[in-house]
Amino acid sequence: MYIETQYILDQFTTNFIENMSGPIIIYGTGLNTQRLLEKNNDDRIVGLMDDKKTGQVLWGKKVLSYEEVAKIKDVIIVIIARNAVINVIYRRIESFCKENEIPVFNIHGKDLSKKQKEDETLPCFLLKEEELRKKIEEHDIVSFDIFDTLLMRKILRPRDIFEVMNHELGIREYDFCKERIEAEDSFEKGYNPNIYEIYECIGKKLDIQKKEVWELLESEIETEKSFLTKRVKMCEIFRWAIQQGKEVYLISDMYFTREILEDILKSFDICDYKDIFISCEYRKTKQEGLFDIYKGAVSGNSSSKKGKKYLHIGDNFFSDIVAAQYAGIEAYQIYSAGEMLESGIYSKSLQHCKTLEDNIVLASFAERAFNNPFQNCEKNGKLILEKTEDIIGIFIAPIIYKYVIWLMQKVQEEKCDLLVFPSRDGYIIQQIFYKIKAKNPDFFMPEDVYLYTSRRSAMIASVENEEDIQEIKNFIFVSGKAELLKERFGISNAEDQAVSDAFLVKKCKEEKKTYKAYLEQAGLYQKNKIAFMDFVAMGTVQAAMEKILGKELIGFYFLRRVAEDSKLKNMKCHSLYQPAGDFQIEANIYRFYYFLESIITSYEPTFWGISESGEKLFYEEKRQEEVMVLLQKIHEEILRYCDEMLCLLPKIELMTGPVDVYDGLLGYFSADYSVLENDEISKLINIDEFMGKIVTDLNR
C-alpha cells in the first residue's frame, strides 16, 4: 500500500471512526478517497461531496448535493485533499457549512470552522535557512528531491504542460492532453513507466507513425524545459552541501530517463552530485521503496558507510518526508512555491483561477513570490517588499501585459486600419505591443503610430467657438485663474487675464492649423477606422480628436469611466474593465491608476502642442533625474515579464480569460496584503498639468 494511503487511512480511523460519533461526509473524490473507501467503507460514511460529480455513485457512496447534506442531522464533513488546497476548498463551502452549523475537518482532525488564531503562524512560513544548513552539517549523506525543490515549473498543475502542448499542436484528430494523461495512467499499478514507454503507448493507441510520436515526445521535453526555473536559494544550498564535503544524491519520482533529466539539470548548472535515483529507472516511487534502493546502493557492503547519517530534503509531505522516514532517513521538508501560494494570504486568488491562462499567470506569481522557501514574509505569507523589480514583476506587470493582449484582440475584432498609441501613456504599451506582435506574426495587426497628444493639445485644437472655450475653462483645475490661463491657453502675462473668449477662440484656431498638419503627417486623415488606446479616462481626448479629424474613433481603455456628458457617453469605446462611475468601481485598477500612470509614462514631459514651425512643444519637466533612472528600471522589468509570458504562452489566441486574476494580483500591492520596505518606488510622481496637480501617494 502507498505510504500516503496508509497515512490517510490511519488518520481517518483515529480521528473520526474511533474518536467521533455521527454521520460523516467526505469532501473530495480523488484517488485517496477511493483508496480509503476500498479499505474502510464504514456505514457512518453516508456520502461524498464534489460540485462537479453531484448525483454520481462512486465506490458505493453517493455524491450528495448541498440540499441533501443540509438534511442530515449531526453530520460532519472531512476534506480529503492536499494540505495546500484545504483552505481553498473550505472557503468554497464555508458559508453553506456555517449556515447549516456543519463542522468541517481536515484529515488530521483539525476543525476548520474555528478561526485561526491571529498569532498562529502557518508552518510553510516558519522555515529558516540557517536551520537547514545546520541539519546538513549534522549529516554525512544528503539527498535532494528535484522538482519543486531544486527546480520548479511555472505551472500550478503538471497537466498544464500537456494543455499548453495541446494548443501549440493545433487542430488534430485527437485531444493530446487527454491521451497523454490516459497513457501514463494505463500501466499496471506499481509499474512506473518512462517517457519513451508512455509515448509508445500513445502511438499504438492512436495508430500514428513513429516520426509523429517522436516529435510529440521531443515537444513535451522542450515545453517542460521552457516552464522550468531554478529555486535559486535551494540550488545555493545544494552547492554548499557539496562544498562541505557531503555526499550528495538526487532522488526523483519522474518519467524522464536519466539521460533527459541529467541534460536538464546540467542546463541549470546542477551537477557534481554522486548519483541520481529516478522512479522510472528503478520502477518504484519513493513511497514504494525507492529510498530503500537508494540507501542500499549508497551503503552497499562498505564498512565506511556504517554509522553514517542520512538526510533527505524535499517538498512533498508523503513522498519526501514520510517515505524517507519509513526508510530510516531523517527528512527536512521545504515547501513548494505553489503550496506557499495555496496556504497563505494570497490563496483567495485561486478562486478566480479558471483557465490555463489564469493557471500560468498565478504560477508565475508564485514563482516570483516564493521561489525562495525561506522568503522574508509575515506569518500568513504576506510578502515584505524590498526590491522595486519584485514590486513591478509580481503585482504590476501582469495587468499591463493583460491589457495589451486584450487591446490587440479587440483591435483585430474591430478590423481597425490604424492603431494610435498616444503620448505619454502609450509609450511602454507600444513596446509591449511590438514584442507580442513579433511572437504572433500570423495575428493580423494594422499599422500603428505613436502620436503626440494630450488633453491640453487635443481640446485646444478642437475649439470652434466660445462655447468650446468655456468647456475648457470649466474643466476642473485645482489652482487659480492665472495658472489656468497659463497651463491651458499659454497666457502667462497678468494683464492678459481679462482677454475675451473671442480672442481665445482665434488663438486656439491658429494652434489647430499646426496640429492638424501634424495629424496629417502622422497618417490619421488617410485612415478610416482608427483605434485609439487610453488608460483610465472618460474619453475627453478621444472626443476632441474626433472633432478635429471629423471622424469617429474607437476607444480601447484599461477602464472607461462613465461620464454624464452625452457626447462622451455615446462614443464608441471598449474597456478591459466593466465601465463604471467614480463611485461604482470596486476594481483595484481604480485604486492604483494614478500610480500606474506614473509607471507607463514616457521619458518626455507632457505634450503641449505644435509650434508654427512644426516643432513639438512640451510642458516643463518636473521629474528628477533619479526618477527617470527608476522609470527605466521599471520599464525593463515590465518588458522582462512580457518576455517570460511570451515564452510560456506565446499564442495571443489563448489569452481570452477575464481580468479577475490580474486585478487580484494588483490588489495584493495594498498594505493589507504586502509590507512595503522600499523607499525608491514612492519617488514616482504623476503630473497632471491640465488639472493642475501632482500625485505622489501610492494609495496603498
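Each residue takes its place number in the sequence, starting with 1.
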Is the side chain of [X] donor-acceptor paired with the backbone N or O of [Y] at a distance under 3.5 Å, no angle test?
X	Y	value
R258	I278	no
S347	G344	yes
N440	I652	yes
K39	L9	no
N106	K110	yes
Q333	D315	yes
Q287	E4	yes

My understanding is that only residues two or more places apart in sequence, or in another chain, count here; which of them pass side-chain contact (heavy atoms from CB on, under 4.5 Å) with [X]?
X	result
L58	T29, L48, K53, Q56, V63
E215	K211
R640	R368, E637, E644

Find out whether [X] and [Y] are in side-chain contact, i.e. whether some heavy atom of one side chain is under 4.5 Å from a heavy atom of the other.
X	Y	result
V164	I360	yes
N32	F12	no
D320	Y332	no
V248	F238	yes
I136	Q244	no
R35	I80	no
N380	F125	no
L156	L350	yes

Going from [atom1] on [X] to [atom2] on [Y], what distance comes out if it is rounded to the nearest 0.5 angstrom?
X	Y	atom1	atom2	result
E247	I242	CD	CD1	11.5 Å
I345	Y673	CD1	OH	6.0 Å
E262	I270	CD	CD1	12.0 Å
L311	L132	CG	CG	7.0 Å
I146	L151	CD1	CG	7.0 Å
L385	N376	CG	CG	10.0 Å

Determine, step by step, whether V298 and I141 satisfy the side chain to side chain contact (heavy atoms under 4.5 Å, CB included) criterion, reporting the C-alpha distance in whole Å, the side-chain angles of both residues, the deciding distance to 0.1 Å, and the verdict. CA-CA 9 Å; V298 170; I141 301 171; 3.9 Å; yes
Could you tell me whether [X] and [Y] make a salt bridge, using a distance below 4.0 angstrom between a side-chain N and a carboxylate O?
X	Y	answer
E222	K225	yes
K266	D263	no
E163	R159	yes
E236	K233	yes
K205	E179	yes
R239	D272	yes
R133	E137	no

Atom [atom1] of residue position [X] - does it have more than 12 heavy atoms of other residues, nucleotides or ligands inside 6.0 Å?
X	atom1	result
K348	NZ	no
E677	CD	yes
K61	NZ	yes
K295	NZ	yes
Q209	CD	no

If the condition is side-chain hydrogen bond (donor to acceptor under 3.5 Å, both in side chains), which residues does [X] pass it with, not counting sequence neighbours?
X	result
R153	E224
E220	R180, Y199
S252	none

Parallel, tilted or perpendicular for F317 and H108, by the 30°/60° rule?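 Because their plane-to-plane angle is over 60°, the rings of F317 and H108 count as perpendicular.
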Measure up the H312 and F291 rings against each other and bin them: parallel (under 30°), tilted (30 to 60°), perpendicular (over 60°).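 Geometry flag for F291 against H312: perpendicular rings.
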Which atom pair, heavy atoms only, marks the closest approach of [X] to [Y]?
X	Y	result
T14	N19	O-ND2, 2.5 Å
P123	Y335	CB-OH, 3.7 Å
A337	A366	CB-O, 3.6 Å
E288	G190	OE2-CA, 3.6 Å
Y27	R92	OH-NH1, 3.4 Å
I79	I89	CD1-CG2, 3.8 Å

Determine whether D175 and N166 satisfy the following criterion, side chain to side chain donor-acceptor pair (under 3.5 Å), listing intermediate values before the conclusion. CA-CA 7 Å; D175 181 335; N166 212 30; 3.2 Å; yes
Partner set under ring pair (Phe, Tyr, Trp, His ring centres under 6.0 Å) for [X], not counting sequence neighbours:
X	value
Y346	F365, Y668
Y294	Y249, F277
Y326	none
F268	none

Please lay out, stage by stage, how K284 and D292 fare under the test salt bridge (Lys or Arg N to Asp or Glu O under 4.0 Å). CA-CA 10 Å; K284 288 185 181 293; D292 292 318; over 6 Å; no
Determine which pairs satisfy salt bridge (charged side-chain N to carboxylate O under 4.0 Å, His left out) with at least one residue from residues 191-203, sequence neighbours left out, and list them in order.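 Sorted result for residues 191-203: E197-R283, E200-K204.
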Sorted by first residue and then second, give each salt bridge (charged side-chain N to carboxylate O under 4.0 Å, His left out) pair with at least one member in residues 349-361; sequence neighbours left out. E357-K402
